[in-house]
Every structure is written in structure tokens, then in C-alpha cells.
Amino acid sequence: MRRERSGLGPDWHVGGELAARYAAGTAAESDAWSLEKHIEACGACAAAVSSAVRAGPETGPLLAGIRAAVLERAVQEPRESVGSRAYAGDPEAHESAASPAYADTGTAARTGADTGIGTSTRTGTGPGASTTTSTGAGTTGVPPRLSRAARVVWAAGPALRGAWLVALVVVALGAVALSYGAGLGASVRPLLLVTAPVLPLAGVALSYGLHADPLYEIATSTPSGGLRLLLTRAAAVLAVSVPALTLAGAVLPVAAGGPGAAAWLLPGLALTIAALALGSFVGGRRGAAAVGAAWLAFVVAPATAGGPAGAALMAGASPYFAGPAVQSGWAAGAAACALLLAARRRSFDHLETP
């Protein structure tokens, strides 16, 4: 980066070497973050980075093809609309195609496609009158008047906006309803204990990855993508599931000698981090599925061998949750998986394979 001490603008600018490394995807995360923040306010550096990206052997032809397709679509879409009306026998469609307003519409579409910034508006009069407005900021899918809280939920990942959140609420409320409404009493708590650790695991699997996030490719290409975004979304899932499931367990009747309502926390954390670590090798969805299957095979199946409910289930589940030694083991497992995840953090900078 070259320095500038004019006192009127930024203290540094993007040099050719950094722009080339950024275009090649080899720039350090901190450098890439600083570059992207800087070019928001520096047009000269933005142009330099754009030139470096377009000159790349892989990105150049790809961007050129996308630009050509967008321009062709922007020009042809109004013509297709008028042409379909003319084919249907609308006499005004022929006048619209030749009117100045129609020409203005096409010009506005081309201008918006070429520049990609700012706002352009064209208004025409006559039979083909139309108003075309384009904004360079694009659309994010989030209505602009949503509250800040709604925007945070939207950014927290697909899990908090989909069926997983519904399933979490159903499990928490269903456990309370079965305990008090169906008269099952304390026999519901061990059932919740063996189910609770899997729910955050499913939420994390649905929050990030090729098969979960429609914006996965775009998010991964940013400096804030990869493991950083994955951990942010995993934290959002845990921030919702931990209070809900712990509170549900706390209001259930206590079984004599059974684990407490928070006994599932360390096992759930260990499973979640294990799924993330395994996902660095095989992908997020496959990693979560493998860890979930192991939990079912080595914990749920033995715990339910004596019976699916009541004292038998509590006796079968207690060895996996109760006692300092057991909880310490889960904590050690979570720490080991966290170390593996840290060692494999660069694997999340690359796209998953289908």
C-alpha cells in the first residue's frame, strides 16, 4: 500500500501488488478487509482493484460473460414485453415500441446496467408512458423499513428464519405440554435431555453451506465469510436454543437422582463444535449428519434400551449427563474439537463441493 500524507484523504491507498493478490484470492484476511473498506470511499483505488480483478485469467472472462448477459437481458426484456403484447393483438403495443417513452425505457435500462451505481429515472408520456427507476445499491431481499432487530435476525442465517426455529419451539413447548397436559410428569425430562443436544446441531447445519444458504457463494467470497460467518451464525443458533431448551427443562418436574436442566449444555456444545470441525473435511451438512447419527447410535440407543420413557430412560441417560467426570469429558471433547476447527479454519475459505 502506498502512503499519502495530504491531510485531506486517506493515509494510504491500494498498491498494484495488493490489488493483484486480492484479485488472485491470496491476500491476507486483514489486508482484504482493509482493502474492501477503503475502496468504499476511494474511487481511484476501486478502479484499480476492478481492473486487477477483470485482468485475472479466471475472473476476467467470467465477469465479462456476466456483464454481457445482464446487458442483453436489460435491452431485450422491454422488447419482449412489447412484442408479446403485439403478438396478442394489442394495437397500442406497436405504437409503444416506436414511442420516445419506450426508447427512454431502454436507455434507462442500459444506463443502469452499464454504471451499476447511482439512481436513474426516466419518465415518458403517451400510450407507452412508463417510469423506470434503477438503484445501484441493488436489493438485499430485506424491506428497508424493517427494524434493526429484524435485520439482525435476517443476517443471523437461514435457520432462524425457517423450519428449524419452528421445530425448536415445538420441542420446548411440547415437552412442557406432555409433562403437565398429558400427565407424564418427570418422565419427560430425560427425553428432553437426549433430544436437546441435537437441535443446535441441526440449526448450525441449516445456517451455512452450499445446501443451506442461497447466498453461500457470495458470502464465502467476502473477508467476513468463511469460518467467521459460520461461527457468528452458530452463536446465533445457540443464543436461541440454549435459553429455550434450558428453560423448558427447568419447568419440568424433577426426577429423583436425575441430571439437572442444564446438563445437556456441554454435550450440546461438544456436538456442535464437532460438527463444525468435521464439516471442514466433508461439508457442513454431511458433518452434522454424521455427528447426529453417532449421537443416536452411541447415546440415544443405549439410553433407551431399557425403555423409551420413565425411570428406565432416566437411568439409561444419566451416565451420559450426570457427574463432574462426565461433564469434564464433554468439556475436553469440545476443547479438542475447537483446536481442530482452528487448525482447519482455512478450509472454510473455499467453496463446498456438492
Side-chain angles (χ1 to χ4, degrees), residues 1-78 103-123 131-146 148 151-152 154-155 213-226 228-229 232 349-351:
M1 293 183 182
R2 60 181 184 274
R3 300 281 175 176
E4 182 180 272
R5 297 295 181 182
S6 64
L8 298 177
D11 290 336
W12 55 267
H13 290 278
V14 179
E17 186 267 341
L18 176 59
R21 286 193 290 114
Y22 178 81
T26 58
E29 183 178 354
S30 57
D31 290 340
W33 183 276
S34 299
L35 181 149
E36 292 196 348
K37 186 65 177 177
H38 174 72
I39 62 177
E40 291 179 1
C42 183
C45 291
V49 173
S50 178
S51 298
V53 173
R54 286 187 280 111
E58 297 181 357
T59 56
L62 177 62
L63 291 175
I66 294 174
R67 182 178 184 274
V70 170
L71 291 177
E72 181 181 1
R73 183 64 178 172
V75 173
Q76 293 297 328
E77 191 171 53
D104 285 346
T105 303
T107 302
R110 288 192 297 273
T111 302
D114 287 338
T115 61
I117 57 174
T119 303
S120 61
T121 305
R122 296 277 189 173
T123 304
T131 300
T132 302
T133 303
S134 61
T135 58
T139 57
T140 60
V142 183
R145 295 186 179 181
L146 283 181
R148 181 177 179 83
R151 290 177 180 271
V152 170
W154 183 272
D213 190 353
L215 298 178
Y216 169 68
E217 291 85 355
I218 298 175
T220 304
S221 66
T222 64
S224 60
R228 178 183 297 181
L229 180 59
T232 299
D349 296 335
H350 308 285
L351 295 177

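Index from 1, following the sequence.
Heavy atoms only, all atoms of each residue included: Trp33 and Arg228 are closest at CZ3-NH1, 3.5 Å.
Between Leu18 atom CG and Thr26 atom OG1 the span is 9.0 Å, to the nearest 0.5 Å. One distance of note links CG of Leu62 with CZ of Arg67; it measures 14.0 Å at 0.5 Å rounding. Residue Tyr22 holds its OH atom at 3.0 Å from CD of Glu36, rounded to the nearest 0.5 Å.
Every residue two or more places apart in sequence or in another chain that forms a side chain to side chain contact (heavy atoms under 4.5 Å, CB included) with Ala28 is listed here: Ser30, Asp31. Checked against salt bridge (charged side-chain N to carboxylate O under 4.0 Å, His left out), Arg54 has no partners two or more places apart in sequence or in another chain. The side chain to side chain contact (heavy atoms under 4.5 Å, CB included) test applied to Ala19 returns Val14, Val49, Ala52, not counting sequence neighbours.
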